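Below is one structure, written out as structure tokens; the observations come after it.
Since the structure is predicted, the reported quantities are computational estimates derived from the model, not experimental observations. In what follows, every heavy atom counts, from backbone to side chain, and hydrogens, waters and symmetry copies are set aside. The sequence lines fix the lettering, A, B, ..., with proteins before strands; numbering per chain opens at 1.
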There are 2 protein chains.
Amino acid sequence: MKLSEKKLLKKKEQILFSALEIINKRGYSGATMEEIAADLFMTKGSLYYYFKNKSDLMYQCHNFVLSHAIEDLEAILQHEKGSAADILKKMIEIHLEYAIDEKEVFNLIMDPKLYFNEEQLELVLKLRKKYENLFHEIIIRGIQNKEFHIAEPSIVRMIMLGAMNWVQQWYNPEGRLSKEDVITIYLEYIMKILM
Amino acid sequence: MKLSEKKLLKKKEQILFSALEIINKRGYSGATMEEIAADLFMTKGSLYYYFKNKSDLMYQCHNFVLSHAIEDLEAILQHEKGSAADILKKMIEIHLEYAIDEKEVFNLIMDPKLYFNEEQLELVLKLRKKYENLFHEIIIRGIQNKEFHIAEPSIVRMIMLGAMNWVQQWYNPEGRLSKEDVITIYLEYIMKILM
DNA sequence: TTAAAAATTAAATCTGGATTCAATAAAATG
DNA sequence: CATTTTATTGAATCCAGATTTAATTTTTAA
């Protein structure tokens, strides 16, 4: 790879990181090309040298975080050895950490229709489906195991995901509970659903 | 009240209902003054004779539905006689019905910062808090009753609300499950959390 | 060193609605 | 009926950002 290509990629990455930061601060709609550029001491015009348009950049950000989350879950799902319950717990923990630490970018609550074009939307939905599926897998495994006793794994999965995503609507790091507290408590109550 | 005032109120109400419909079809951002007016064979200009601006109209809509939901819950909370569990179940049922039937207007997932001004935002947040509080009350009642055995009622409430609100992200009336099915299943699993 | 390629810039333009407004039309009122 | 009040209209304006562009600067590489 030529030097110039490397530089291009590096710059793209810097912009991506800047965008991630701004999105986490202002949300997808609040993030302006202006502010993303200013963060790197550039002018908004030059962002278009690296990204086709705003929705392209937003998409890359969402994708970036979501893909990492998927990787993290897959790693656990494939390599962790414990019971289905233990693996699921680990997955919940990871999900909650993303939901809290990457509040806005990892925002599975936001309506992707608002920020992405048709093509991107399709990919995002596919990725979200894939993400959900990892939870589905472990739930099914637990049922087959006889660890979990539930008749509607899909609904249970949705209940769990909804409960977890909601954390970003109310959690305040300055509040009574630390992130770790919240995770512990969520784990306790969410796992009850499966019994 | 003068006739003209009555007419004014009636027209306002018509616009409100038109807006409710359009919002449920297109979401808050997708709803344009144009389309809301067209629905009543008016031009967008005249909407401003009745409402200060779009965010005013959107706010009235959100408020309208949320207030009705609160009334419904209050009625049950105050007059229903059964156990805390029974009352809570009834409340969950109502919540899910709003979340499904008024998918977009009764959208507690959407970020109110995006659509309302500061003053409206404050009122909306207050109303949401009030709504949440009704669930809090019954949970506390159940704990005091010894019906529920949980140490973190606030978190449990958030878990329940998140799970319920999420229904509007995935539920499809054309799918395998009827609204009634979903409610039944949700009830079963959500109530487990409290045991 | 120098020509080509890559990167940046500031300013102009575009955009999709919301919002305003002056001119009418319709309705109420006395 | 005449006048005032209420309601509606279409066209003009505004607006916040996104996007484009042509000109300029910087970097690369022979």
> With ILVMFWY side chains joined below 4.5 Å, transitively, what does A:Leu121's cluster contain besides itself?
Replying inline: A:Leu125

> Rounded to whole angstroms, how far apart are NZ on B:Lys54 and P on C:dA18?
Replying inline: 5 Å

> C:dA10, D:dA7, D:dG10: which one has an atom nearest the side-chain heavy atoms of A:Thr43?
Replying inline: C:dA10

> For DNA chain C, which residues in residues 29-41 of chain B have a heavy atom at a distance below 4.0 Å?
Replying inline: B:Ala31, B:Thr32, B:Met33

> Tell me: OH of A:Tyr59 to C1' of D:dA18, nearest whole Å?
Replying inline: 21 Å

> Can you check side-chain hydrogen bond (donor to acceptor under 3.5 Å, both in side chains) on A:Ser178 and A:Asp181, steps first, answer last?
Replying inline: CA-CA 5 Å; A:Ser178 71; A:Asp181 293 339; 3.2 Å; yes

>> Rounded to whole Å, how long is the line connecting atom CZ of A:Arg26 with atom P of D:dA16?
In response: 16 Å

> CG of B:Leu57 versus P of C:dT19: gap in Å, rounded?
Replying inline: 10 Å

> Nearest-Å distance, NZ (B:Lys10) to P (D:dA7)?
Replying inline: 13 Å

> Between the main-chain N or O of B:Val105 and the side-chain N or O of B:Asn24, is there a donor-acceptor pair closer than 3.5 Å?
Replying inline: yes

>> Tell me whether A:Glu122 at atom CD has more than 12 heavy atoms from other residues, nucleotides or ligands lying less than 6.0 Å away.
In response: no

> Can you tell me how far C1' of D:dA7 sits from NZ of B:Lys12, to the nearest Å?
Replying inline: 14 Å

> What is the distance from CG of B:Asp56 to C1' of C:dA18, rounded to the nearest Å?
Replying inline: 14 Å

>> With a sphere of 6.0 Å drawn around CD of A:Glu119, does it hold more than 12 non-hydrogen atoms of other residues, nucleotides or ligands?
In response: no

> If you look at every heavy atom in A:Tyr115 and A:Ser29, which pair is closest and at what distance?
Replying inline: OH-OG, 3.3 Å

> Under 4.0 Å between a side-chain N or O of A:Ser46 and OP1 or OP2 of C:dT8?
Replying inline: no

> Hey, would you say the A:Phe17 and A:Phe64 ring centroids sit under 6.0 Å apart?
Replying inline: yes

> What is the ring orientation for A:Tyr98 with A:Phe106, classed by angle as parallel under 30°, tilted 30 to 60°, or perpendicular over 60°?
Replying inline: tilted

>> Using the rule side-chain hydrogen bond (donor to acceptor under 3.5 Å, both in side chains), only one of A:His95, A:His136, A:Lys126 pairs with A:Tyr131; which is it?
In response: A:His95

> Which part of the nucleic acid, if any, lies within reach of B:Phe51 when heavy atoms closer than 4.0 Å are counted: base, sugar-phosphate only, or nothing?
Replying inline: nothing

> What one-letter contact string describes nucleotides 20-26 of chain D from 5' to 3', where B marks a base within less than 4.0 Å of any protein heavy atom, S marks contact via sugar-phosphate atoms alone, and - marks no contact?
Replying inline: B------

> A:Tyr50 side chain: which of C:dT8, D:dT19, C:dT19 is closest?
Replying inline: C:dT8

>> Whether B:Tyr49 contacts D:dT9 is assessed here as follows: a side-chain N or O lying under 4.0 Å from the phosphate OP1 or OP2. Is that the case?
In response: no

> Taking atom C1' of C:dT8 as reference, at what distance in whole Å does atom CG of A:Leu8 sit?
Replying inline: 14 Å

> Side-chain N or O of B:Lys11 less than 4.0 angstrom from OP1 or OP2 on D:dT6?
Replying inline: no

